Visitor: 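Got a structure here, written out as structure tokens. Questions coming.
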Amino acid sequence: MSEQKETVGVIGVGWVGLVTAACFADLGHPVIARDILPDKVEALSRGDVAIHEPELEDLVRRNAGRITFTTDMTELLEGARLLFVCVDTPPTYSGDADLSRVRAVVQELPEDSEHVLIMKSTVPAGTGESIRRDKPDLSYVSCPEFLKEGTAVADFMHPDRVVVGADAGDEAAADAVEALYQPLGGQILRTDVASAEMIKLASNAFLATKISFINEIANVCEEVGADVGQVAKGMGLDERIGTAFLRAGIGYGGSCFPKDVSALKMLAGNTGYHFQLLTAVIEVNELQKRRVVGKLEKHLGSLIGKRIALLGLAFKPDTDDMREASSLVLSARLQGEGAEVVAYDPVASDRAADLLGSVEMATSAMEALDAADAAVLVTEWKEFAELDWSAAGERMTRPLVVDGRNFLDPEKLASAGFVYEGIGRTVNTPKPAAAS
Ligand code: UDX
């Protein structure tokens, strides 16, 4: 009879909390997941997952017998010793991380040394220290998550590394957390709390810096006639650089990079240090979202009254998340220039409709392209690469595409009669159809 695995507690069943709960359950642990929203708890108890995340709903349903969803903190505290805190830490107006939900959870926790608070929410460095000051008897471990939306379950099950941060006196608690992740086989880095907190922020800030860097390189490539795809490939072959996160495009978005970059910049600022590099990373990213407008004007002249189709709205494919999506800024800029904007996204249209005001929502890519003066690829959904671009060209007023993710095949678009403009790629003009 296999040994009963330790019960895992999860506080805050949003995207991170639900992935954490479902994956530990799938590893054989009984899980108690507590959220303050009764409707969410009821829906999850029925196996209904409102988040668009591949594999997650199956995982929750497959492990229904092991996961208890509850609003009751007492039930959680009586049933679990290891408590993963996965509540939201959204940015405040000052750009600092809003820790009110974290503090509310800490207030609810008993002053005993029986429970271990395992911080998975992204928090500024120093948060752990201040919580330990408030609750000196509580064991505290920082265990930041590095999951990506769209591949979260796979990222959890196959981690590059698991960071376990604990300070003097909490070694046993850190051992218990390490034991939970051992079966996954990823590298486990044991460190102190403040360093663990910084690893999370610095990792996201560095990835965002890589993206802003390659976007600036792309902009220079356009001036000197080079191809950023080739440049990124050549750079990435140097293992000190690596090919990952060197895809030029119209800027990074999502619930993490924008928030964590500004939180790190503010954290530094609050200590009196001006983090210049991150100031530039943020500015480059904002400008990159807007460069599409100049590309369209180059081909169409004034955009007043022009009909522009946006293909994709989510901040990246395989998610319905619109947080800090480049499409939000781009559609507003286009409307600001007097253009008529129509948009389509395979899964995010409902969420987007509330955010995009007077933007017309189409129910398919082809419908969005009807009578359009140009198309802009904003999110690299597979279905756009598989589109019948010849048929699309016939439905458009003008076969012009700006590929904001360098996702489409310029040759294929050119032979379909399109003028193709990428990011940091040479413009491709229509090729006469091969003589039959
Ligand atoms: C990110 C981190 O990758 C993850 O480790 C962390 O835990 C949470 O934040 P996520 O926000 O889901 O994950 O998305 P990610 O795949 O990192 O993409 C972020 C943004 O960068 C997207 O808008 C994407 O389009 C953009 N991006 C990514 C680029 O523009 N170029 C790239 O090469 C990679």
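Everything numeric here is computed off the predicted structure, so don't read it as measured data. Atoms within each ligand, like the ligands themselves, are counted from 1 in listed order.
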Visitor: Compute the centroid of each ring, for Phe84 and then for Phe24, and state whether the two points are separated by less than 6.0 Å.
Guide: yes
Visitor: Above 12 or not: heavy atoms from other molecules or residues under 6.0 Å from CD of Gln187?
Guide: no
Visitor: Do Val228 and Ile214 have side-chain heavy atoms sitting under 4.5 Å apart?
Guide: yes
Visitor: Is the closest side-chain donor-acceptor distance between Tyr140 and Asp170 under 3.5 Å?
Guide: no
Visitor: Ligand 1: which residues have a non-hydrogen atom closer than 4.0 Å?
Guide: Glu145, Phe146, Leu147, Lys148, Glu149, Lys200, Asn204, Ile211, Phe245, Leu246, Arg247, Tyr252, Gly253, Cys256, Phe257, Phe315, Lys316, Arg405
Visitor: For His52, enumerate each residue passing the ring pair (Phe, Tyr, Trp, His ring centres under 6.0 Å) test, keeping only those at least two apart in sequence or located in another chain.
Guide: none
Visitor: Any side-chain heavy atom of Val281 sitting closer than 4.5 Å to one from Lys265?
Guide: no
